[in-house]
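Before any comments, here is the structure.
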Amino acid sequence: MSDKQTFYITTPIYYPSDNPHIGHAYTTVAADTMTRYMKMRGFDTYFLTGTDEHGQKIQRRAAEAGKTPIEFIDPIIANFQALWKTLGIEYDDFIRTTEERHKKVAQDLFQQIYEQGDIYKSEYEGWYCTSCETFFTELQLAEGHTCPDCGKPVETMKEESYFFKMSKYADRWLQFITDNPDFIRPESRRNEMINFVKQGLDDLCVSRTTFDWGIPVPFDPKHVIYVWFDALINYISALKGTGDGTLFDKYWPADVHLVGKDIIRFHTIIWPIMLMALDIPLPKCVLGHGWVLIDSDKMSKSKGNVIDPNRLCEKYGVEAVRYFLMREMGYGQDCNYTEDLLALRINNDLANDYGNLLSRTTGMIDKFQQGIVLAPGKGTEADAELLALLGSMPEKFAALMDGMQWSNALAELWTLVNKANKYIEDAAPWALNKEGKTEELATVLYNLVEIIRLVTIMVSPVMPTIPAKVWQQLGIANQSELCGWEALTWGLFPANAKINRGEPLFPRIDLEAMVAEEPKPAPAPAAAKIAALTPECQMADFAKIDLRVVKVLDCHKVEKADKLLQFRLQLGEEERTVVSGIAKFYQPEELVGKHLILIANLQPAVIRGIESNGMLLSAEYDGKLQLLEAPDMPSGAKIV
RNA sequence: CGCGGAGUAGAGCAGCUGGCAGCUCGUCGGGCUCAUAACCCGAAGGUCGGAGGUUCAAAUCCUCCCUCCGCAACCA
């Protein structure tokens, strides 16, 4: 048994309803980089990723494709795994929630919480979006009974369900967050979550009966476990359900759950409370990172701007793609992707600065010293200054990496690369050579080799295949004692080593040629923008709805609500108050006097404390909205 | 006055435990010749969102305001 300190890191388990994109790639590369770094620092690491395979959405997608869920997802999961291989991801385990080892643990834990009374049976009625796997109250729905998040139609559902007593743990959660200020990172997310919980937690509905693609509730098999409840358990089931279960004792609690900002709530509220209920120690940190935006826009299938990482790796190389992702994404922030930005990073940072540093250094050693790295002399003041920076770099770099500030760590490291390039200019080895100052020349070239060696060690977690190429060129291949974290000291490079100058590490990209061949992302098909048709209904159904022309007597914004307008309407002799969520589209004053169409016999609803008697008709398309008018008909006229 | 984050050179960002306003890219001029048309130096370009205040000194601390973003609320 090793007595090394352990480091357990996870990515979310990805939902295989579609193929992996660059956002998945970012999270997974980050986890891989962190794992390699911690391993280099001497930790006993464990890196888990996988797929979350249950839920109504996958069941439905599979049915549409005429396949069973497993037939549907297997090829997609193969694509995930193939991409991780391409990207050089070295995970220790890949868990699928359809595996027996996961199901068993998930069921055991569900049972345990039930037996201690924190899961109870009740009834749930509400509107459900299958796409988002989320229930909404009637009031939460968007116009036309659509999902407020994704805009797709929702379905009504009434279920006998099991509920998890989240509310019971709210105070304990707040105490935990107070005691562990680094649990949720970055801090802005932490504040957000605290704020959310302080407004009160509802019990969570954790079972479904309306479909069966999930893990059965052990004591009531007509229910399946809610997918999120099921999915979060993977972080534990992958350890407990494997081999003799000792992995759990060794690696739990997790050191880092790496997640996108969209699923922070599940990981920082629901998951910790599940663990509290189970009396299992909580993970040490949940890091919510930003999104990879495509040309400053959110990536989505309907926008047709999804980036396939495979294509980028093929075109620019895996190492460059990894470097770009880790360098461009600031701590907790979104980053922007365009092909130009990627190419600029490659040309500037990798080709011009780092790759070219190796190239010019080996070039001079070849030309001035017949390919031999000679022992350094005593050195000048400029040398000392450079070596001071070199000496302080590992500590600075480590501090940033430990804090998972990968972009800043790389930026810091590159100050050394830039300093080295300037050092060459100042020292002018070609002049030293001409003047026959062989000792000074040997010192400069030796220092450069050492800088390259140390930078290469530090950059290896991000670009793991680069070091071997550099060691080959420097003539120290297979000398592992020179290539690890403990070798980050100036002066270890063996004098009189023979170098092997080779091909450029990172070829420059011809930006102009690139522009010419770049295919523009296909625009989304127009048909996709039209909302799905509601199922057929009877004439009798339509006849129940009484539509009338109404005149707007008065209209103003509802206070403390940015979407709401309050109307006073004339319907024949009668006056009505109606609230409508169209403040984003109309100024109140421009509507006064208009003749609009109202659903006049709709059951009243209270919105923001105002009773609304009816609903104004409007048409919606592509983010725009227009009220229907009947300018020449009097108030009270019936629509037939 | 719901909570939080942000507003700094043409673009993207750092600085924000108060002490001459910085980095990368881009633009312009120069240098070098070891190197991947690379590298190095210099210049132009900012009233650090606005207005007050504290201080010998404010991008940095305090107050108010404006704008953008996230979360919440809201969507008959």
Side-chain angles (χ1 to χ4, degrees), chain A residues 136 138-146 148 186-199 261-262 264-265 288 290 296 327-328 330 332-336 340-341 344-345 347-368 407-408 411-412 414-415 417-418 420-433 441 444-445 448 501 503-510 558-565 567 577-584 598-617 620 625:
Chain A
F136 296 99
E138 182 113 17
L139 285 177
Q140 286 177 308
L141 296 179
E143 229 108 343
H145 284 147
T146 55
E187 201 182 339
S188 56
R189 299 292 167 193
R190 175 173 180 266
N191 293 335
E192 228 172 86
M193 293 304 120
I194 290 173
N195 191 30
F196 181 82
V197 172
K198 277 187 174 163
Q199 292 175 10
K261 63 183 184 182
D262 47 331
I264 286 177
R265 205 144 94 203
S296 304
R327 178 67 182 81
E328 203 71 17
Q333 296 190 302
D334 292 343
C335 84
N336 197 16
D340 283 351
L341 281 171
L344 278 174
R345 279 287 172 207
N347 279 353
N348 292 321
D349 295 7
L350 298 180
N352 297 352
D353 293 346
Y354 176 57
N356 188 44
L357 177 64
L358 174 68
S359 188
R360 61 199 304 208
T361 301
T362 53
M364 288 188 285
I365 293 169
D366 264 354
K367 202 167 271 188
F368 305 146
S407 176
N408 289 340
E412 185 66 45
W414 248 251
T415 62
V417 173
N418 293 330
N421 277 315
K422 180 172 163 54
Y423 171 69
I424 295 179
E425 210 68 28
D426 294 343
W430 46 90
L432 297 176
N433 179 57
L441 178 61
V444 170
L445 295 179
L448 288 170
R501 184 157 197 262
E503 292 298 305
L505 280 183
F506 299 97
R508 280 181 59 83
I509 292 154
D510 185 338
V558 176
E559 272 182 40
K560 293 196 225 169
D562 29 289
K563 292 185 183 173
L564 299 182
L565 290 182
F567 291 83
T577 298
V578 166
V579 176
S580 182
I582 57 170
K584 288 257 158 72
L598 181 79
I599 304 179
N601 62 338
L602 197 65
Q603 182 184 3
V606 176
I607 300 157
R608 275 269 156 194
I610 302 159
E611 185 176 279
S612 180
N613 298 282
M615 177 174 168
L616 290 165
L617 295 190
E620 190 175 19
L625 182 139

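Naming: A, B, ... by sequence-line order, numbering from 1 per chain. This is a predicted model, so every value here is computed, not measured.
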| message | Please check: side-chain N/O of A:Thr362 versus main-chain N/O of A:Arg501, any donor-acceptor pairing under 3.5 Å? | response | no

| said: Checking A:Glu192 against A:Ile264 for the side chain to side chain contact (heavy atoms under 4.5 Å, CB included) test, could you report, in this order, the C-alpha distance in whole Å, the side-chain angles of both residues, the deciding distance, and whether it holds? | reply: CA-CA 10 Å; A:Glu192 228 172 86; A:Ile264 286 177; over 6 Å; no

| request: For B:C74 versus B:C65, give the span between their C1' atoms, rounded off to a whole number of Å. | output: 26 Å

Please write out the pairs of protein N or O atoms and N or O atoms of nucleotides 26-35 of chain B separated by less than 3.5 Å, giving the distance to one decimal.
from	atom 1	to	atom 2	distance (Å)
B:G31	N2	A:Glu425	OE2	2.9
B:C34	O2'	A:Arg360	O	3.2
B:C34	O2	A:Arg360	NE	3.1
B:C34	N3	A:Arg360	NE	3.4
B:C34	N3	A:Arg360	NH2	2.6
B:C34	N4	A:Arg360	NH2	3.2
B:A35	OP1	A:Lys367	NZ	3.2
B:A35	O3'	A:Ser359	OG	3.4
B:A35	O3'	A:Arg501	NH2	3.2
B:A35	O2'	A:Asn356	OD1	2.4
B:A35	O2'	A:Ser359	OG	3.3
B:A35	N1	A:Arg360	NH2	3.4
B:A35	N3	A:Asn356	ND2	3.2
B:A35	N3	A:Arg360	NE	3.2

| query | Does B:G70 have OP1 or OP2 sitting under 4.0 Å from an N or O in the side chain of A:Arg189? | reply | no

| Assigned partner base of B:G18, Watson-Crick or wobble definition, under 3.5 Å | none

| request: Measure from the side-chain N and O atoms of A:Asn418 to the backbone N and O of A:Trp414, and report whether any donor-acceptor pair falls under 3.5 Å. | output: yes

| field | Base partner of B:C23, which must satisfy Watson-Crick or wobble distances under 3.5 Å | value | B:G12

| Pairing partner (Watson-Crick or G-U wobble, both distances under 3.5 angstrom) of B:G2 | B:C71

| Interatomic distance where CZ belongs to A:Arg327 and C1' belongs to B:A14 [whole Å] | 10 Å

| query | Reckon A:Ile365 touches a base, only the sugar-phosphate, or nothing at all at heavy-atom distances under 4.0 Å? | reply | nothing

| Rounded distance in Å - CD (A:Glu192) to C1' (B:G2) | 13 Å

| said: What contact category does A:Asp426 fall into here, base, sugar-phosphate, or nothing, at under 4.0 angstrom with non-hydrogen atoms? | reply: nothing

| field | Side-chain heavy-atom pair A:Asn421, A:Arg360 within 4.5 angstrom cut-off | value | yes

| query | Looking at A:Asn195, does any N or O in its side chain come under 4.0 Å of the phosphate oxygens OP1/OP2 on B:A72? | reply | no

| Span that lies between the C1' atom of B:A59 and that of B:A6, in whole angstrom | 14 Å

| message | Taking only side-chain N and O atoms of A:Lys422, does any of them lie within less than 4.0 angstrom of OP1 or OP2 on B:C41? | response | yes

| query | Distance between the C1' atoms of B:G50 and B:C23, in whole angstroms? | reply | 27 Å

| Non-hydrogen side-chain atoms of A:Asn408 and A:Glu412 separated by less than 4.5 Å | no

| query | Quick one: on RNA chain B, does A:Phe506 or A:Glu328 contact a more 5' nucleotide (nearest heavy atom)? | reply | A:Glu328

| query | Looking for any heavy atom pair under 4.0 Å, which part of the strands does A:Leu564 touch: base, sugar-phosphate only, or nothing? | reply | sugar-phosphate

| task | Rounded off to whole Å, could you give me the CZ-to-C1' distance for the A:Arg265 and B:C3 pair? | result | 14 Å

| task | Could you tell me whether the side chain of A:Ile424 reaches within less than 4.5 Å of the side chain of A:Leu357, counting heavy atoms only? | result | yes

| said: Can you check the distance between B:U47 and B:A9, where both ends of the measurement are the P atom (answer in whole Å)? | reply: 9 Å

| field | Integer angstrom distance from the C1' of B:G53 to that of B:A43 | value | 38 Å

| note | Scanning all shown strands, the Watson-Crick or wobble mate of B:U47 with both distances under 3.5 Å is none

| message | Tell me if a side-chain donor or acceptor on A:Asn347 pairs with a main-chain N or O of A:Arg508 at a distance below 3.5 Å. | response | no

| note | Answer for the Watson-Crick or wobble partner of B:G42, both distances under 3.5 Å, is B:C28

| said: For the C1' atoms, the ones on B:U8 and on B:C16, what distance do you get once it is rounded to whole angstrom? | reply: 11 Å

